[in-house]
Amino acid sequence: MVEIPACNDKKGQFCAPFCIFEVLPMNRIFLTIAASMALASPLAAKTLTEMFPDISKTYNDEGIKALEALDFKQGKVTVGSNLATLDLTDEFYFLDAKDANYVLTTLWGNPPDDSTLGMVFPADKTPLDETWGIEVSFDDIGYVSDEDAGSYDYDELLKTMKQDMQDENEWRRENNYPAIELLGWAAPPHYDSEGRKLYWAKEIRFDGDETTTLNYNIRILGRKGVLVVNFIADMDMLDQVNKAVPTVLKMTNFTDGNKYSGG
C-alpha cells in the first residue's frame with residue numbers, strides 16, 4: 001500500500017531574458033510539473049474511482065482520501081480566457097487550477113501560488129505516483145519576434161539562470177525550503193523556427209537529494225505572449241519525456257486570434 005510521504009519542497013521562480021522559469025521540485029519519491037492565468041472550460045470530469053477503479057489495491061485510506069477530491073478531466077479543455085486548448089487523448093488527464101493548487105500545496109508541500117493553472121498527467125498515474133507531469137502556463141510578455149527567439153546565447157543564458165537560482169536560494173533557506181542547484185542543460189537548448197517553439201531542458205538538484213530533477217521547458221510563441229509547457233520528472237525519465245513531447249505539443253494549440261501569425 002502506498003502512503004503519503006512527508007514533503008517540504010517548493011516551486012521556485014527564476015527570471016531571465018524572455019522568460020519566467022518555473023521549477024517545481026520533486027520530492028524524493030514522487031514527480032510533478034508551470035502555469036498562469038488560465039481556467040478550464042466546463043467539462044465532464046471523472047471521480048477518483050472512475051479514473052482508477054483499482055485504486056484501493058495500491059493506496060491506503062489516507063492516500064485515497066488525499067486524492068478523492070480531485071476531478072480528472074479528459075477531452076478538450078480551454079485554458080485562459082479562450083487563450084489555448086488542450087485536446088487530450090485518452091492517454092492523459094487534466095487537473096484544473098483549483099485541483100492543481102491542492103496538489104502543489106497540500107500534497108507536495110509548496111507555498112500557495114496564484115500563477116498555477118493546471119496540470120496534465122499520464123492517464124494511468126495519480127499525482128502521487130512515480131511519474132512525470134506537466135504544468136501549463138502563459139507568460140504574457142507580448143509578441144516575440146522569430147529573430148529575438150532564435151538569437152539567444154545559451155551559455156550566457158545558463159549563467160544568468162544560475163545566478164537567479166542563487167538569489168532565490170536566499171529566500172528558500174530563510175523559509176526552510178531546500179536550496180536548488182542548476183547543474184546545466186539536460187539536453188541542448190534550441191529554437192524550432194518552423195513551429196515557433198523554444199526548448200530548454202534543465203537538470204537541477206535539491207539540497208539533500210541524491211537524485212536530480214528534470215525541468216523540460218517548452219515555450220510556444222503566440223501573438224500576445226508565450227504558452228509554457230513544462231515537463232517535470234526524474235532525470236532518468238528523460239527518454240520517456242522525449243517520447244511524450246510530440247504528442248503533448250500536437251494536442252496543445254492557441255485559439256484563433258492568439259496564434260503567432262493570427263488567424
Side-chain angles (χ1 to χ4, degrees), residues 2-13 22-27 29-56 58-139 215 227-233 244 248 251-252:
V2 180
E3 299 185 13
I4 307 257
C7 179
N8 63 352
D9 287 340
K10 172 188 181 293
K11 175 172 69 176
Q13 195 171 67
E22 296 285 353
V23 180
L24 275 85
M26 181 177 58
N27 96 2
I29 301 176
F30 302 116
L31 313 173
T32 57
I33 110 167
S36 71
M37 297 185 62
L39 296 170
S41 61
L43 187 73
K46 293 182 179 180
T47 64
L48 178 64
T49 53
E50 288 173 336
M51 193 72 198
F52 302 99
D54 296 327
I55 191 71
S56 62
T58 53
Y59 279 84
N60 61 12
D61 290 344
E62 183 184 8
I64 292 174
K65 184 176 180 180
L67 294 168
E68 63 185 1
L70 300 176
D71 289 329
F72 303 87
K73 297 179 172 65
Q74 292 183 297
K76 191 171 186 177
V77 298
T78 301
V79 297
S81 299
N82 198 35
L83 173 71
T85 60
L86 302 175
D87 198 358
L88 302 173
T89 68
D90 291 342
E91 301 173 72
F92 306 94
Y93 65 82
F94 175 82
L95 299 180
D96 65 14
K98 177 177 175 292
D99 285 348
N101 274 291
Y102 168 76
V103 169
L104 289 172
T105 59
T106 303
L107 299 188
W108 293 333
N110 292 293
D113 185 349
D114 292 339
S115 72
T116 298
L117 153 61
M119 300 179 182
V120 177
F121 289 93
D124 60 345
K125 302 292 184 181
T126 79
L128 292 181
D129 287 331
E130 194 167 341
T131 184
W132 52 263
I134 307 167
E135 189 176 0
V136 182
S137 65
F138 182 67
D139 190 353
N215 273 215
L227 192 68
V228 181
V229 176
N230 192 32
F231 287 75
I232 307 299
V248 171
M251 66 188 190
T252 306

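Side-chain contact between Asn215 and Ile232: present, with at least one pair of heavy atoms (C-beta onward) separated by less than 4.5 Å. Looking at heavy atoms from C-beta onward, Leu107 lies in side-chain contact with Leu67 at the 4.5 angstrom threshold.
Between the side chain of Asp99 and the backbone N or O of Asp96, no donor-acceptor pair lies under 3.5 Å. Glu91 places no side-chain N or O within 3.5 Å of a backbone atom of Pro122 that could act as its donor or acceptor partner.
Residues passing the salt bridge (Lys or Arg N to Asp or Glu O under 4.0 Å) test with Asp54, sequence neighbours excluded: Lys57. Legend: residues meeting ring pair (Phe, Tyr, Trp, His ring centres under 6.0 Å) with Phe72, ordered by chain and number and at least two apart, are Phe52, Tyr93.
A distance of 5.0 Å separates CZ of Phe138 from CG of Leu83, quoted to the nearest 0.5 Å. Note that CZ of Phe121 is 9.5 Å distant from CG of Asp129, once rounded to the nearest 0.5 Å. For the atom pair OG (Ser56) and CG (Asp61), the distance works out to 9.5 Å, reported to the nearest 0.5 Å. How far CD1 of Ile55 is from CG of Leu48: 5.0 Å, rounded to the nearest 0.5 Å. Taking CG of Leu70 as the start and CD of Glu68 as the end, the distance is 9.5 Å to the nearest 0.5 Å. Annotation: the span from Leu95 atom CG to Asp71 atom CG amounts to 8.5 Å, rounded to 0.5 Å.
Taking all atoms of both residues into account, the shortest heavy-atom contact from Lys73 to Ala45 is CG-CB, 3.9 Å. Taking all atoms of both residues into account, the shortest heavy-atom contact from Ala123 to Gln74 is CB-NE2, 4.1 Å. Contact detail for Ala100 and Gly118: the closest heavy-atom pair is CB-CA, 3.6 Å. Taking every heavy atom of both residues into account, Thr131 and Thr126 meet most closely at CG2-O, 4.1 Å. Contact record, Met251 with Thr89: SD-N, 4.1 Å, taken as the closest heavy-atom pair.
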Applying side chain to side chain contact (heavy atoms under 4.5 Å, CB included) to Phe92 and Val248, what does each step give before you reach the verdict?
CA-CA 9 Å; Phe92 306 94; Val248 171; 4.1 Å; yes
